[in-house]
Each structure stands twice: as structure tokens, then as C-alpha cells.
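Just so you know, residue 1 is the first one in the sequence shown, and it goes up from there. Just the heavy atoms: all of them, side chains too, but no hydrogens, waters or symmetry mates, feed the values below.
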Amino acid sequence: MREIFAGLPWWVKWVAVPVVALVVFGGLIANVVGFLIGLLFKVLVFVALVGGLIYVVRKFTSSSSSRSDW
């Protein structure tokens with residue numbers, strides 16, 4: 001493989017081959033990146049919802065315990 005690339009001009013190695021790889025695997029790369037971004041977004045939404053739920057539960061339990069002191 002190195003012998004094949006050794007005889008090629010620099011622009012083929014550094015421009016044409018990556019462009020061909022992006023054209024061939026571009027859809028796959030886009031799907032993987034999209035999946036990872038979607039997964040990260042869902043994890044962040046989950047963390048925000050659980051944090052909000054914990055905040056609301058603590059707020060109501062602390063206010064109900066202070067009412068029972070009266």
C-alpha cells in the first residue's frame with residue numbers, strides 16, 4: 001500500500017483520497033454524528049427533567065414539613 005501511495009503526487013494523497021472517502025462514507029459519518037448528537041441531547045433533557053423533579057419534590061416536602069410545625 002505504501003508503494004502505491006509513494007508514487008502519487010502530494011495532492012492526490014492529501015486532497016483527492018480524503019474527498020473520495022468523504023463522498024463514499026459521508027452518509028455513514030453523518031448518521032453516526034447525528035445519532036451521537038441526538039443521544040447527547042436526550043441525555044441532557046433526561047438530566048434536566050430528573051433534576052427538576054428532584055427540585056420540585058424537595059421544595060414540596062420541605063414546605064409541607066414546615067407547615068406541620070405550625
Side-chain angles (χ1 to χ4, degrees):
M1 192 67 156
R2 289 183 184 174
E3 298 162 353
I4 295 172
F5 278 109
L8 295 175
W10 68 269
W11 61 270
V12 174
K13 291 186 245 184
W14 298 106
V15 177
V17 173
V19 167
V20 170
L22 282 176
V23 168
V24 172
F25 298 109
L28 176 66
I29 293 169
N31 284 336
V32 170
V33 169
F35 173 76
L36 291 176
I37 290 173
L39 185 64
L40 178 64
F41 178 74
K42 288 178 183 178
V43 167
L44 289 175
V45 168
F46 175 75
V47 168
L49 289 174
V50 170
L53 180 65
I54 291 171
Y55 174 78
V56 167
V57 168
R58 286 189 178 176
K59 187 87 167 166
F60 278 113
T61 55
S62 66
S63 64
S64 66
S65 67
S66 64
R67 287 182 191 160
S68 64
D69 293 341
W70 286 90

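Applying the side-chain contact (heavy atoms from CB on, under 4.5 Å) criterion to Leu39, with sequence neighbours excluded, gives Phe35. Listed by chain and residue number, Leu28, Leu36 satisfy the side-chain contact (heavy atoms from CB on, under 4.5 Å) test with Val32 (two or more places apart in sequence, or in another chain). Partners of Val33 according to the side-chain contact (heavy atoms from CB on, under 4.5 Å) rule, which considers only residues two or more places apart in sequence or in another chain, are Ile29, Ile37.
In this structure, Phe41 shares a hydrophobic cluster with Val45, Leu49, the cluster being traced through Ile, Leu, Val, Met, Phe, Trp and Tyr side chains under 4.5 angstrom apart. Membership of the apolar cluster around Leu53 extends to Val57, as traced through chained side-chain contacts below 4.5 Å between ILVMFWY residues.
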Under 3.5 Å, side-chain donor or acceptor atoms of residues 7-27 against the rest of the protein: list the pairs with distances, not counting sequence neighbours.
{"from": "Lys13", "atom 1": "NZ", "to": "Phe5", "atom 2": "O", "distance (Å)": "3.4"}

